[in-house]
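Take a look at the structure set out below.
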Amino acid sequence: MATAAQWIEGARPRTLPNAIAPVLAGTGAAASIDGFVWWKAILCLLLSVALIIGVNYANDYSDGIRGTDDERVGPLRLVGSRLAAPAAVRNAAIACLAVGAVIGLVLVITSAWWLLLVGAACLAGAWFYTGGRNPYGYSGFGEIAVFVFFGLVAVLGTEFVQAGRVDWAGLVCAVSVGAFSSAVLVTNNLRDIPTDTESGKLTLAVRLGDAHTRTLHMVLILIPFLALALLVWRSPWSLAALVALPLAIRANEPVRTGKNGPGLIPALAGTGQAMLVWSAVVAVALAVV
């Protein structure tokens with residue numbers, strides 16, 4: 001029987017920056033066009049956190065029953081480690097996704113009906129990443145999904161429900177946060193190339209190979225800093241987000257220097273930290289325009 005601490009670890013709290021960053025960036029974009037609505041921002045944050053925890057439990061369940069996590073390096077897996085029954089982890093995933101669905105319904109009712117379709121796509125994307133007969137995460141589409149759902153959808157959705165529209169600054173933020181989020185997954189999949197190859201999980205990292213995956217990580221974490229050249233047209237204060245650059249460089253160091261296995265774990269947390277700092281600074285910069 002898993003303890004409360006193990007359930008928390010199984011939720012993978014180190015991935016929370018992927019949920020918080022897009023809401024910060026989207027809220028800043030909304031504020032820059034005089035659309036900030038505090039209670040909708042809070043609902044977006046709760047929705048994003050519920051979804052990412054649900055995704056993490058769903059992945060734990062689906063990978064665990066397939067045996068993909070039997071020899072996994074990295075954060076605790078509840079099913080793979082035999083600490084929790086698969087049904088219990090599955091139910092935890094469903095509960096978190098259901099909470100997200102209820103919050104999303106409130107935002108739909110107070111914003112636009114067609115967001116219901118977006119929400120349904122998000123729930124399907126969360127479950128079928130590693131679930132179902134043909135999970136797309138096993139075919140190399142995980143990074144694209146993360147870019148879309150935790151970048152474009154999360155940032156622009158946050159901006160839209162508050163401001164009633166999206167704009168170019170929101171799109172720049174969405175691409176930037178999506179690049180950061182994808183870089184987190186790239187690091188994770190780089191670390192797991194040996195075990196994923198053995199289990200038949202054809203992630204993008206497995207398809208690209210070790211060297212090209214390391215190059216991809218560097219490209220992805222540079223995109224948000226290059227994007228600041230555009231955001232300064234909305235707010236010159238956006239350049240302050242360069243304070244996150246040393247964090248990004250440090251996060252890339254284990255990737256750049258050829259670390260493997262547990263040696264890549266600091267890159268996961270570091271990439272998330274860089275994303276969170278970048279998003280927080282940009283959000284403030286856009287809000288004070």
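Please read all numbers here as calculations on a predicted model, not as lab measurements.
Taking 4.0 Å as the cut-off between side-chain N and carboxylate O, K201 and D63 count as a salt-bridged pair.
Crowding of F141 atom CZ: a count of heavy atoms from other residues, nucleotides or ligands under 6.0 Å not exceeding 12. With a 6.0 Å radius and a threshold of 12 heavy atoms from other residues, nucleotides or ligands, W168 has its CH2 atom above the threshold. More than 12 non-hydrogen atoms from other residues, nucleotides or ligands lie less than 6.0 angstrom from CH2 of W7. Annotation for W39: atom CH2 counts as buried by contact number, over 12 foreign heavy atoms lying within 6.0 Å.
In this structure, A285 and S235 approach most closely via the heavy-atom pair O-OG, 2.8 Å. Closest heavy-atom contact between C122 and V153: SG-CG1, 3.8 Å. Here the closest non-hydrogen pair linking V146 and S182 is CG1-N, 3.7 Å. Considering all non-hydrogen atoms of both residues, T158 and P22 come closest at OG1-O, 4.3 Å. Scanning all heavy atoms of the two residues, the minimum distance from L242 to F225 falls at CD2-CD2, 4.1 Å. Residues L97 and G54 approach most closely at CD2-CA, 4.0 Å, considering heavy atoms.
Taking the six-membered ring where tryptophan is involved, the planes of F160 and W114 are tilted, since the angle between them lies from 30° to 60°.
The main-chain N or O of V161 is found under 3.5 Å from a side-chain atom of K40 such that the two form a donor-acceptor pair. Remark: side-chain polar atoms of R256 are not paired, donor with acceptor, to backbone N or O of P254 under 3.5 angstrom. Distance alone, capped at 3.5 Å, places no donor-acceptor pair between the T213 side chain and the L190 backbone. A distance-only check finds no donor-acceptor pair linking the side chain of N134 to the backbone of G132 [under 3.5 Å]. Side-chain atoms of Q162 come within 3.5 Å of backbone atoms of V37 as a donor-acceptor pair (strictly under, hydrogens ignored). Checking side-chain atoms of S181 against main-chain N and O of G178 turns up no donor-acceptor pair under 3.5 Å.
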Take C173 and L231 through the side chain to side chain contact (heavy atoms under 4.5 Å, CB included) test and state the conclusion after the steps. CA-CA 8 Å; C173 289; L231 289 177; 4.2 Å; yes
From CA spacing to verdict: side chain to side chain contact (heavy atoms under 4.5 Å, CB included), L208, L216: CA-CA 9 Å; L208 291 178; L216 178 60; 3.9 Å; yes
Let me see the working for I53 and V99 under side chain to side chain contact (heavy atoms under 4.5 Å, CB included), right down to the final yes or no. CA-CA 11 Å; I53 294 176; V99 169; over 6 Å; no
Under the side chain to side chain contact (heavy atoms under 4.5 Å, CB included) criterion, do L43 and L47 qualify, and how do the steps go? CA-CA 6 Å; L43 286 182; L47 167 60; over 6 Å; no
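Here side-chain hydrogen bond (donor to acceptor under 3.5 Å, both in side chains) pairs that include residues 139-156, with residues two or more places apart or in two chains, are E143-N189. Sorted by first and then second residue, the side-chain hydrogen bond (donor to acceptor under 3.5 Å, both in side chains) pairs with a member in residues 47-57 read T15-N56; sequence neighbours excluded. Evaluation of the ring pair (Phe, Tyr, Trp, His ring centres under 6.0 Å) test over residues 82-103, restricted to residues two or more places apart or in two chains, returns none.
Atoms CD and CZ, from E9 and R77 in turn, are 10.0 Å apart once rounded to the nearest 0.5 Å. Here the straight-line distance linking atom CG of N18 with atom CZ of F180 works out to 11.0 Å at 0.5 Å rounding. Annotation: the span from L228 atom CG to W233 atom CH2 amounts to 14.5 Å, rounded to 0.5 Å. In this structure, CG on D192 lies 11.0 Å from CG on N260, to the nearest 0.5 angstrom. From N252, atom CG reaches atom CG of L220 across 10.5 Å, with rounding to the nearest 0.5 Å. With rounding to the nearest 0.5 angstrom, the CG atom of L116 is 7.0 Å from the CG atom of L105.
By the rule that hydrophobic residues join a cluster once side-chain heavy atoms approach within less than 4.5 Å of another member, L286 and V288 end up as members of separate clusters. V172 and I33 are members of different hydrophobic clusters when ILVMFWY side chains are connected at heavy-atom separations under 4.5 Å. Cluster membership check: I52 shares its hydrophobic cluster with I20, using side-chain heavy-atom separations under 4.5 Å among Ile, Leu, Val, Met, Phe, Trp and Tyr. Hydrophobic clustering, with ILVMFWY side chains joined whenever heavy atoms are under 4.5 angstrom apart, keeps V282 apart from F36. No path of Ile, Leu, Val, Met, Phe, Trp and Tyr side chains, each step under 4.5 Å between heavy atoms, connects V177 with L156, placing them in separate hydrophobic clusters.
Looking only at side-chain heavy atoms (C-beta outward), L123 and L51 come within less than 4.5 Å of each other. Between H212 and R207 there is no side-chain heavy-atom pair separated by less than 4.5 Å. In this structure, L115 and L107 have side chains that are not in contact, with every pair of non-hydrogen atoms separated by 4.5 Å or more. Contact check for Y61 versus L78: no side-chain heavy atoms found under the 4.5 Å cut-off.
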Distance-only criterion, 3.5 Å: show the donor-acceptor pairs between side-chain atoms of residues 264-277 and protein atoms not counting sequence neighbours.
{"unit_1": "T271", "atom_1": "OG1", "unit_2": "H217", "atom_2": "NE2", "d": "3.2"}
{"unit_1": "T271", "atom_1": "OG1", "unit_2": "A267", "atom_2": "O", "d": "2.7"}

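Not counting sequence neighbours, the partners of R234 by the salt bridge (charged side-chain N to carboxylate O under 4.0 Å, His left out) test are D167. Listed by chain and residue number, nothing satisfies the salt bridge (charged side-chain N to carboxylate O under 4.0 Å, His left out) test with R90 (two or more places apart in sequence, or in another chain).
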